[in-house]
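Reading through the structure tokens given below for one structure.
We name chains A, B, ... by the order of the sequence lines, and we start the count at 1 in each one.
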Amino acid sequence: MYELKEPGGKSVCLSSGTAGEALEKLGLKGGAVAAMLNGRAVDLTAEIGESGDITPIAADSEEGLDILRHSAAHLMAQAVSELYPGTRYGVGPSIKDGFYYDMEIPGGITEEDLPKIEKEMRRLAKRAIPVERREMTGEEALAYFREKDDPYKVEIISELEEDHVSLYFQGDYADLCRGPHVPNTSWVKHFRLLSVAGAYWRGDEKNIMLTRVYGTAFAAEEALEAYIRRMEEAKSRDHRRLGRELDLFSLQNEGPGFPFFHPKGMVIMNCLVDFWKKEHTKRGYSEIRTPLILDRDLWIRSGHWDHYRENMYFTEIDEQPFAIKPMNCPGGMLVYKTQLRSYRDLPMRMAELGVVHRHERSGVLHGLMRVRCFTQDDAHLYCRPDQVKDEIIGIMKLCDYIYRDVFGFRYTMELSTRPENSMGSEEQWAIAENALKQALEETGSEYRLNAGDGAFYGPKIDFHLEDCIGRTWQCGTIQLDFQMPEKFDLSYVGADGKEHRPVMLHRTVLGSLERFFGILVENFAGSFPYWIAPVQVRILPVSGEFADYAGTVAAELRASGIRVEVDERDEKLGKKIRDAQTQKIPYMVVVGEKERESGGVAPRERSRGDLGSMSMKQFREVLAEEFNPLKS
RNA sequence: GCCGGUGUAGCUCAGCAGGUAGAGCAGCUGACUUGUAAUCAGCAGGUCCCCGGUUCGAGUCCGGGUGCCGGCUCCA
């Protein structure tokens, strides 16, 4: 006899039966796609073989969706196997918001084939084909997939450590899978295939490229539709689209990956830079500027020639080889070396808004998020070993302040460790990685480990921000570097009068101004906070007759540094409001007969609407109350 | 770089049996003199991404290049 308890306290005794039957007896089966048995996710069809705790996994829970999507991936693979005989299967996991399957489909497919595959999936789903788990030895599984002529599955199985594996069978289709899965294909109802893309087998570009089909599935049709709608809406906040609509920047065929910033975009950029400079001054940073082009020998010395050449642009001056800088550190170090430094000077925080060029492969360019020329809000901190941790913590605090307090963004952190093609000794890397880890732990930060993803000269902590459809982009980074000071023979004179090697930190907060700008656009959907809005106030004269008064009001506001425009067009007020609204201008100021007589204004705020008539003085007070980190 | 898609007016798009291009918005001009999300009318606007080829004839078909979009790999 097995005794199964559910969290509510009810229990049931069974001599045999499945997890699904146990849940049914406990009155918990409704809406469950699988069960959690003693902390292990199992199929509803799994035989109960032990006593303990059981809870249902609801279809609309995070875990349930994961199972549902995984089952949807199998269903898709089954449909493809029916429609395209000879297809071989790579991997087909569930992912955030959906699933995919990588397949080698004879003849390939395009997005036009998706409806056909979806239709086949629905047909198979309707037949309620039982999904059956079978455990077998690795050998048996290998024999099965060899028979099926599926080299990818064979490769995966031969690398598994376990003696036993599980396969899930549905009709003629079977897949290697840990499970759990839904009991039969009819459980997968609310799904949609989304796109086709290429993906290298095992993510390695040396391998064959498989066809990846992306799709998503939900527990209910409404949830699926809501998701599709959300993705549609997200398109309207895409920074590339808003950049054009709000006339902030442009990307042109003549400069792939080299963005053009328009006057309105530059207002935002300049506000951002002003703010950045102020915050850095407060925190004891100084600022430098180093050349865009430097002798190639410098890059050979720094290690960039050996480790980063593929991403660099080169040029010649008087027949001598030069390189366009892809990073600011070597130039920064030359500045450090212009003087003898004392331990009293440390920590030394030298910032640079450095313009770097990197040759990014054509397929990776993406609006302002991934470009070939960008401005890093870089800084290099030179310190004594005992100062490292506090400096790291200081940078983390600065990031948190800017991301969260000033802009209200959510962010995640990652710790990246030693990559393959890197410089330096094991010990140095271990010390550096530990220092970063300690700083993360001391501040109680949550972070993800990204093994082998560090820079070639040191490990790093990265800060990631999200774009409008949930893709994340690295912005801030803190990199610990023992290599460059070595290569460049940096030193400082210690209290003991001897020469010592400083430790160097590379860091950015915004990352690339261009990328941060893109994130800014998407996060605010173009409705920028008042302090960085390209146009803060637009004056709307009710008719041409009030153009003079509108000009007076504009001049008065402009005199106190407010960015003002006047809509002098011969249009109706409704039209002017509509246009100012689509341009997402924070304040519209209506002026007509009443305002001219009283010398006042009738402001309208973009989200609150008409604020009523008021005096100029009152309006200035309204504006003065707007959040503005440039003022404090 | 790789896989798939795509490139027509400033923008969004139509033109999808090969017969020298069309709409809406924006722009310009005029009328209207406007009070809280689109006044009306007229005009102007295009090497149909580039280079080759097929054809009597190519925006349309074919080949190559290039930009862009979605992924993969890479990355701030």
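Scanning for ring pair (Phe, Tyr, Trp, His ring centres under 6.0 Å) contacts around Y313(A) gives H359(A), with sequence neighbours left out. For H357(A), the ring pair (Phe, Tyr, Trp, His ring centres under 6.0 Å) test picks out no residue, with sequence neighbours left out. Take E233(A) and apply the salt bridge (charged side-chain N to carboxylate O under 4.0 Å, His left out) test, not counting sequence neighbours, and it matches no residue. Evaluation of the salt bridge (charged side-chain N to carboxylate O under 4.0 Å, His left out) rule for R410(A) yields E466(A) as partners, not counting sequence neighbours. Residues passing the ring pair (Phe, Tyr, Trp, His ring centres under 6.0 Å) test with H307(A) are F456(A), sequence neighbours excluded.
Remark: U39(B) base-pairs with A31(B). Criterion, Watson-Crick or G-U wobble with two distances under 3.5 Å. The pairing partner recorded for C74(B) is none, the criterion being a Watson-Crick or G-U wobble arrangement whose two distances lie under 3.5 angstrom. Pairing for C25(B) is with G10(B), a Watson-Crick or G-U wobble pair whose two hydrogen-bonding atom distances lie under 3.5 Å. When Watson-Crick and G-U wobble pairs are counted only if both distances are under 3.5 Å, G4(B) pairs with C69(B). Pairing partner, C16(B): none, since no Watson-Crick or wobble contact has both distances short of 3.5 Å.
Side-chain contact check for Q479(A) and T477(A): at least one donor-acceptor pair (N or O, by modelled atom type) lies under 3.5 Å. No hydrogens or angles considered: nothing links the side chains of D102(A) and Y200(A) as a donor-acceptor pair under 3.5 Å.
Comparing C13(B) with G19(B), their C1' atoms are spaced 24 Å from each other, to the whole Å. Using P as the reference atom, G1(B) and G65(B) are 11 Å apart when rounded to the nearest Å. To the nearest whole angstrom, the two C1' atoms, one in G4(B) and one in A9(B), are 29 Å apart. Nucleotides U6(B) and C49(B), compared at atom C1', are 11 Å apart to the nearest Å. G22(B) sits 13 Å from G45(B) when the C1' atoms are compared, rounded to a whole Å. Taking the P atom of each, G10(B) and C48(B) are spaced 13 Å apart, rounded to whole Å. Comparing the P positions of C11(B) and U73(B) gives an interatomic distance of 33 Å, to the nearest angstrom. Between the C1' atoms of G24(B) and A58(B), the separation comes to 28 Å (whole Å).
For C11(B), the OP1/OP2 oxygens have no side-chain nitrogen or oxygen of R241(A) closer than 4.0 Å. For the pair R370(A) and G71(B), the criterion of a side-chain N or O lying under 4.0 Å from OP1 or OP2 is not met. Close to G70(B), at under 4.0 Å from its OP1 or OP2, lies a side-chain N or O of H366(A). The phosphate of C75(B) (OP1 or OP2) has no side-chain N or O of R515(A) nearer than 4.0 angstrom. Within the structure, a side-chain polar atom (N or O) of R244(A) is placed less than 4.0 Å from OP1 or OP2 of U12(B).
Remark on RNA chain B: of its neighbouring residues R240(A) and S543(A), the 5'-side contact belongs to S543(A), judged by nearest-heavy-atom nucleotide. Taking the nucleotide of RNA chain B with the nearest heavy atom to each of R212(A) and T477(A), the more 5' of the two is matched to R212(A).
Contact annotation for R361(A): base contact, defined as any heavy-atom pair under 4.0 Å involving a base atom. Residue K460(A) is classed as a sugar-phosphate contact, given heavy-atom separations below 4.0 Å to backbone atoms only. Within the nucleic acid shown, Q474(A) comes within 4.0 Å of sugar-phosphate atoms alone, with no base atom in reach, counting heavy atoms only. The residue D453(A) sits close only to the backbone: its heavy atoms come under 4.0 Å of sugar-phosphate atoms, none of a base. No engagement by E245(A) is indicated, since no non-hydrogen atom pair under 4.0 Å with the nucleic acid exists. Here V371(A) lies in heavy-atom contact (under 4.0 Å) with a base. Across all strands shown, R358(A) has heavy atoms under 4.0 Å from base atoms, whether or not it also approaches the sugar-phosphate.
Between E254(A) atom CD and C50(B) atom C1' there is a gap of 12 Å when expressed in whole angstrom units. For the pair L242(A) CG and C11(B) P, the computed distance is 16 Å after rounding to whole Å. As a whole-Å value, the separation of L251(A) CG from G67(B) C1' is 11 Å. One atom, CG of D238(A), and another, C1' of G70(B), lie 12 Å apart when rounded to the nearest Å. For N311(A) and G1(B), the CG to C1' distance is 12 Å, given to the nearest whole Å.
Stacking between Y214(A) and G71(B) is absent: the ring centroid is not both under 5.5 Å from the six-membered base ring centre and under 30° in plane angle.
Taking the six-membered ring where the residue is Trp, F218(A) and Y227(A) present tilted rings, their angle falling between 30° and 60°.
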Apply ring-ring contact (aromatic ring centres under 6.0 Å, His included) to Y401(A) and F407(A), showing your working.
CA-CA 9 Å; Y401(A) 170 66; F407(A) 291 109; 9.6 Å; no
Test ring-ring contact (aromatic ring centres under 6.0 Å, His included) on Y403(A) and F409(A); report intermediate values, then the result.
CA-CA 5 Å; Y403(A) 299 158; F409(A) 298 165; 7.5 Å; no
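Residues from residues 591-613 of chain A placing a heavy atom under 4.0 Å of any atom in RNA chain B, listed by number, are G592(A), E593(A), K594(A), E595(A), A602(A), R604(A), D610(A).
For E232(A) and K235(A), the salt-bridge test passes: some basic side-chain N is under 4.0 Å from an acidic carboxylate O.
Identified under the ring-ring contact (aromatic ring centres under 6.0 Å, His included) test for residues 583-604 of chain A, with sequence neighbours left out: Y530(A)-Y587(A), Y587(A)-F619(A). Within the structure, every pair that satisfies the ring-ring contact (aromatic ring centres under 6.0 Å, His included) test and touches residues 93-116 of chain A, not counting sequence neighbours, is listed here: Y89(A)-Y101(A), Y100(A)-Y214(A). The list of salt bridge (Lys or Arg N to Asp or Glu O under 4.0 Å) pairs with a residue in residues 581-595 of chain A, not counting sequence neighbours, reads E593(A)-R596(A). Residue pairs meeting the salt bridge (Lys or Arg N to Asp or Glu O under 4.0 Å) criterion with at least one member in residues 244-262 of chain A, sequence neighbours excluded, are R241(A)-E245(A).
Side-chain proximity of I469(A) to G71(B), G1(B), A76(B): nearest is G71(B).
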Hey, what are the protein-to-nucleotides 3-8 of chain B N/O distances that come in under 3.5 Å?
from, atom 1, to, atom 2, distance (Å)
C3(B), O2, G198(A), N, 3.1

Distances for protein N/O vs nucleotides 38-45 of chain B N/O pairs under 3.5 angstrom?
from, atom 1, to, atom 2, distance (Å)
A38(B), N7, R578(A), NE, 3.3
A38(B), N7, R578(A), NH1, 3.0
A38(B), N7, R578(A), NH2, 3.4
A38(B), N6, R578(A), NH2, 2.5
A38(B), N1, R578(A), NH2, 3.2
U39(B), OP1, E571(A), OE1, 3.4

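Side-chain atoms of Y200(A) stay outside donor-acceptor range of the base of G71(B), with no qualifying N/O pair under 3.5 Å.
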